[in-house]
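Protein chains get the first letters and strands the later ones, always in sequence-line order, with residue 1 at the start of each.
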Amino acid sequence: MTYTLTTPLYYVNDKPHLGSAYTTLACDALARFHRLCGEQVTFVTGCDEHGQKIQRTAEAAAVSPQQHCDAISRSYQDLWDRWQISHDAFIRTTDPRHQQIVNQFFARVEASGDVIEGRQQGWYCVACEEFKDDAPEADAPQCPIHQRPLEWRDEVNLFFRLSRYQKEIEALIQRPDFILPISRRREVENFVAQGLRDFSISRRHVPWGLPVPGHDGHTFYVWFDALLGYLTALLPADAPAELEQLAAHGWPAQLHVIGKDILRFHAVYWPAMLMSAGLPLPERVFGHGFLTREGQKMGKSLGNVLDPDVLLERCGRDAVRWYLLRDIPFGDDGDFQQQRFTDLVNNDLANTIGNLLNRTSSMARRWFDDSVPSAAGARDSSHPLAVAAEQARTDVIAGFEAMDFRRAAEATLQLAISANGFLNDQAPWSRMKQDGQRDAVADDLYAVLEATRWIALLLAPLLPDLSARMLDQLGLPPLPPGGPWLPLLSWGQLPPAAPLPEPTPVMARLELETPL
RNA sequence: CGCGGGGUAGAGCAGUCUGGUAGCUCGUCGGGCUCAUAACCCGAAGGUCAGGAGUUCAAAUCUCCUCCCCGCCA
């Protein structure tokens, strides 16, 4: 069973922002989950590096487009390294292999009779790399997204005959799981229902692009070549890049995760292009929401941009991952609120989970010779915490399968809450003072330690770092990245009498003195 | 203009399809405990469910109207 998933290939216009990090983090959690379940995962990310916008940005910075792309693309790779993103492939559309794939793909599309010449007239937004629908006679129209003047274009371009795929696309987007979340499907349906129009796939006078074979002076429209990056990414670097090899390397993808703004490209244009080239279609496109900050759109003009770099440095991987994935329903728009961020991280991670491990380990070490107490009834699957753990496992798995990170996170938390409650009810600190209670206390502490082992395991896809620290604190070996995970999730596997390391807090509380 | 989503406690959300004590998380307040990272456990306060009209024994939930936010329309 193989599982291929992709982030968007990020446009290298500027350094990475939090939105890109959000998408990538979510994919990372998904990729880790599927690996832990024993699947062969290919997690693709990368950069989209062509187009007039890049060219101009480079010019403005007085560097060559290639230098510009190298630098920005480098910053993406660095950032993902620091976030410990577990991607298997990082594709750059300036990779020479990519040109080969684009050429082969274009040849197929052309052979299908889906490429025609047409004259494109209209107002163009370079920032969007898109033609807009403003009337030709419009006076100095502006891009509604970028608030920048549109440029008038009148040129002969190559067009992809999207209109031929009306029926197929209509059928495709009706598939229940193709566009997720379903709330976004209607938008696409609406768009398709208006009738699909052919779209231009080449530009003239844009030297920073891949040349279109057989059409001098044309370069590919950036979106046309960018989407194909998903294919190039899958092919091994040490073999010739051939479309024929894709089936052996994980195509079709099971999932494209994207921001809601580029849903149309992925749910309409891209499948039609693949159909034209005779390639299988991805199974699912998930368009997640956008992040605001304290209720406001993040933007340079407002100066309220949250830099993923700063977030990482000041708060750490676990905190940010937890907040973004546990608190924002994946798919919906979300608001980053610093107060809630620190509240949740401190409550959930430091207090409920971290302190649970800390307090239990302390008691076990103090009264049971620095080791895991031996257990009798606590290893039985009918123990109340065993039952709670089973429930948590079920919910975590269901959560990940539904791409509902929040559900997975809450289920894990719930287990920790149950364990804390159990401790308070049993009050081992009191019972230790009574005669003849030692074995009962041992049993209780064992059960709670075993529950924390489960918590650590269940946290692995979401918070790999914290998970590893918890396992370490329990005296257990690190989790092998490819699993097996499920076999470890059976009650009573924590070895009794094993030594417990001296406890140190696995999760520090966040104390942010100043705004992020 | 058209289409779609939304307006529920201080904050973020669920509940609306299949009317009938308005629920969750965080925050706030009170109590308990003392093993632990000022932590953990228990409890409480806090809502005219955007506004108006209607249907009904009964409306956050159904109908109509109004206001406000947000998204889509290459």
Exercise. Reckon A/Gln337 touches a base, only the sugar-phosphate, or nothing at all at heavy-atom distances under 4.0 Å?
Worked result: sugar-phosphate
Problem set entry | Mutual orientation of the aromatic rings belonging to A/Phe33 and A/Phe400 [parallel < 30°, tilted 30-60°, perpendicular > 60°] | parallel
Exercise. Nearest-Å distance, CG (A/Asp333) to P (B/G71)?
Worked result: 9 Å
Exercise. Just checking A/Met432: base, sugar-phosphate only, or nothing, at a heavy-atom cut-off of under 4.0 Å?
Worked result: nothing
Exercise. Between B/G30 and B/C70, how far is it from one P atom to the other, in whole Å?
Worked result: 40 Å
Exercise. Does A/Arg153 come within less than 4.0 Å of A/Glu151, counting only side-chain N to carboxylate O?
Worked result: yes
For this session: Would you mind classifying the nucleic acid contact of A/Arg326 as base, sugar-phosphate or nothing, using non-hydrogen atoms under 4.0 angstrom?
Result: sugar-phosphate
For this session: Could you say whether A/Ser362 or A/Asp327 is positioned toward the 5' end of RNA chain B, judged by the nucleotide with the nearest heavy atom to each?
Result: A/Asp327
For this session: Describe the nucleic acid contact of A/Asn347 in one word from base, sugar-phosphate, nothing, applying a heavy-atom distance below 4.0 Å.
Result: sugar-phosphate
Problem set entry | Rounded distance in Å between the C1' positions of B/A38 and B/C33 | 14 Å
Exercise. Out of B/C26, B/C40, B/C73, which has the shortest distance to the side chain of A/Thr352?
Worked result: B/C40
Problem set entry | Between P of B/A38 and CG of A/Leu510, the distance in whole Å | 15 Å
Exercise. When all nucleic acid strands are considered with a 4.0 Å heavy-atom cut-off, which category describes A/Pro505: base, sugar-phosphate, or nothing?
Worked result: base
Exercise. Mapping A/Tyr269 and A/Trp367 onto RNA chain B by nearest heavy atom, which one lands closer to the 5' end?
Worked result: A/Trp367
Exercise. Cation-pi between A/Arg326 and A/Phe405: NZ/CZ under 6.0 Å from ring centre and within 45° of the ring axis?
Worked result: no
Exercise. NA contact type, A/Ile328, heavy-atom cut-off 4.0 Å: base, sugar-phosphate, or nothing?
Worked result: nothing
Exercise. Hey, does A/Val506 reach any base, or is it just sugar-phosphate, or nothing, if we go heavy atoms under 4.0 Å?
Worked result: base
Problem set entry | Enclosure of A/Glu502 CD (heavy-atom neighbours >12, cutoff 6.0 Å) | no
Exercise. If you count the non-hydrogen atoms of other residues, nucleotides and ligands that lie under 6.0 Å from CZ in A/Arg108, is the total more than 12?
Worked result: yes
Exercise. Looking for any heavy atom pair under 4.0 Å, which part of the strands does A/Gly195 touch: base, sugar-phosphate only, or nothing?
Worked result: base
Problem set entry | Rounded C1' spacing from B/C49 to B/A59 in Å | 11 Å
Exercise. When the distance from CD1 of A/Ile179 to C1' of B/G4 is rounded to whole Å, what number comes out?
Worked result: 14 Å
Problem set entry | Basic-acidic side-chain contact under 4.0 Å: A/Arg393, A/Glu390 | yes
Problem set entry | Donor-acceptor pair present, A/Asn424 side chain and B/C40 base, under 3.5 Å | yes
Exercise. Choosing from B/C41, B/C72, B/U37, which nucleotide comes nearest the side chain of A/Glu187?
Worked result: B/C72
Problem set entry | B/C64 and B/G71, which share atom name C1', separated by this distance in whole Å | 25 Å
Exercise. When the P atoms of B/G20 and B/C62 are considered, how many whole Å apart are they?
Worked result: 11 Å
For this session: Have a look at A/Thr504 and say if it touches a base, only the backbone sugar-phosphate, or nothing, with a 4.0 Å heavy-atom cut-off.
Result: nothing
Exercise. Distance under 6.0 Å and angle within 45° of the ring axis: does A/Lys132 meet both against A/Tyr124?
Worked result: no
Problem set entry | Rounded distance [0.5 Å steps], NE2 in A/His288 versus CZ in A/Arg184 | 8.5 Å
For this session: Give a yes-or-no answer on whether the side chains of A/Thr24 and A/Tyr10 include a donor-acceptor pair shorter than 3.5 Å.
Result: yes
For this session: Quickly work out the A/Arg509 CZ to B/C26 C1' distance and round it to whole Å.
Result: 14 Å
For this session: Round to a whole Å and report the spacing from CG of A/Asp348 to P of B/G27.
Result: 9 Å
Exercise. With rounding to whole Å, what would you report as the distance between B/G46 and B/G10 at their P atoms?
Worked result: 12 Å
Exercise. How does RNA chain B look in dot-bracket notation if pairs are Watson-Crick or G-U with both distances under 3.5 Å, crossing ones as [ ], other-strand ones as |?
Worked result: .(((((((.[[[[.)....(..]]]].(((((.......))))).....[[[[[..)....]]]]]))))))..
For this session: Give one of base, sugar-phosphate or nothing for A/Gly354, where a contact means two heavy atoms less than 4.0 Å apart.
Result: base
Exercise. If you look at every strand shown and take non-hydrogen atoms under 4.0 Å, does A/Phe199 touch a base, only sugar-phosphate, or nothing?
Worked result: nothing
Exercise. Phosphate oxygens OP1/OP2 of B/G4: is one of them under 4.0 Å from a side-chain N or O of A/Arg184?
Worked result: no
Exercise. To the side chain of A/Asp343, which of B/C35, B/G27, B/C73 is closest?
Worked result: B/G27
Problem set entry | Closest listed nucleotide, where the reference is the side chain of A/Arg406 and the choices are B/C13, B/C73, B/C35 | B/C13
For this session: Check every strand shown and say whether A/Ser183 touches a base, only sugar-phosphate, or nothing at a heavy-atom separation below 4.0 Å.
Result: nothing
